[in-house]
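To start, the structure itself, in structure tokens.
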Amino acid sequence: EEEALVLLGNDISRVIVELDQNIPAFSSLNEIRKRVLVDMGFNLGISRLMKFRRMLAALETGNWKQASVEMMDSRWARQVGSRAECLKLMMETGEEQ
């Protein structure tokens, strides 16, 4: 269990580095919105997350409502169901759900 947690931590750290390198707005987001992207990046992989172009464009302008709408307009949202709804609210409000 301890080793699994170390491996998970390493994977999460790698995703954070990739997000920081690939999404200019990432470093300026609050911790909750960063967690949304880390969750999505971990689940989808960075290359698939980067295909959320309209969501990423909305992040760049601080349009949280539009970013959350764009998250839900995807196959990913349909596949993860209620988790996507929770992440959408976190993106929109910047608050824990």
Side-chain angles (χ1 to χ4, degrees):
E1 185 176 327
E2 186 177 324
E3 184 176 342
L5 289 174
V6 168
L7 293 172
L8 176 62
N10 290 342
D11 287 345
I12 291 170
S13 294
R14 178 189 45 79
V15 168
I16 291 169
V17 167
E18 290 179 13
L19 289 168
D20 198 38
Q21 291 172 344
N22 289 284
I23 300 175
F26 184 76
S27 64
S28 65
L29 300 175
N30 74 9
E31 291 306 310
I32 299 298
R33 291 185 175 110
K34 284 180 181 179
R35 281 195 357 215
V36 171
L37 292 180
V38 169
D39 186 297
M40 292 178 75
F42 190 82
N43 181 253
L44 291 163
I46 299 302
S47 61
R48 285 194 196 111
L49 178 60
M50 295 309 293
K51 293 179 182 178
F52 282 68
R53 290 180 184 91
R54 292 187 305 244
M55 179 196 75
L56 296 172
L59 288 179
E60 293 295 325
T61 62
N63 188 341
W64 314 125
K65 175 70 174 167
Q66 189 62 37
S68 67
V69 167
E70 298 300 341
M71 288 169 61
M72 299 306 290
D73 185 23
S74 67
R75 189 172 85 188
W76 164 82
R78 290 185 295 279
Q79 290 174 336
V80 300
S82 62
R83 189 165 119 239
E85 283 292 332
C86 181
L87 293 174
K88 172 195 178 281
L89 289 172
M90 290 169 67
M91 179 60 75
E92 187 175 342
T93 65
E95 298 174 359
E96 183 70 40
Q97 297 298 313

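Residue numbers run from 1 in the order of the sequence given.
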Query - Any side-chain heavy-atom pair of Glu85 and Val80 under 4.5 Å - result: no
Query raised in the report: Any side-chain heavy-atom pair from Leu37 and Met55 closer than 4.5 angstrom?
Result: yes
Query raised in the report: With a 4.5 Å limit on heavy-atom distance, are the side chains of Met50 and Leu56 in contact?
Result: yes
Report summary line: Looking only at heavy atoms, the pair that brings Met40 and Phe52 closest together is CE-CE2, 3.8 Å
Query raised in the report: Is any side-chain heavy atom of Leu49 closer than 4.5 Å to a side-chain heavy atom of Leu19?
Result: yes
Report summary line: Note: Met90 and Arg33 closest approach over all heavy atoms is O-CG, 4.1 Å
Report task. Report yes if the side chains of Gln66 and Thr61 come closer than 4.5 Å at any heavy-atom pair, otherwise no. Result -> no
Query raised in the report: So do Ile16 and Phe26 actually touch side chain to side chain, heavy atoms under 4.5 Å?
Result: yes
Query - Heavy-atom check, side chain of Arg35 versus side chain of Glu96, under 4.5 Å - result: yes
**Report entry** Side chains of Arg54 and Asp73 in contact at under 4.5 Å (non-hydrogen atoms)
**Finding:** yes
**Report entry** For the student: nearest non-hydrogen atoms of Asn30 and Gly94, plus distance
**Finding:** ND2-O, 3.1 Å
Query raised in the report: Honestly, is Arg48 close enough over Trp76, meaning NZ or CZ under 6.0 Å from the six-membered ring centre and within 45° of the axis?
Result: no
Query raised in the report: Backbone N or O of Asp39 within a donor-acceptor pair of the Asn43 side chain at under 3.5 Å?
Result: no
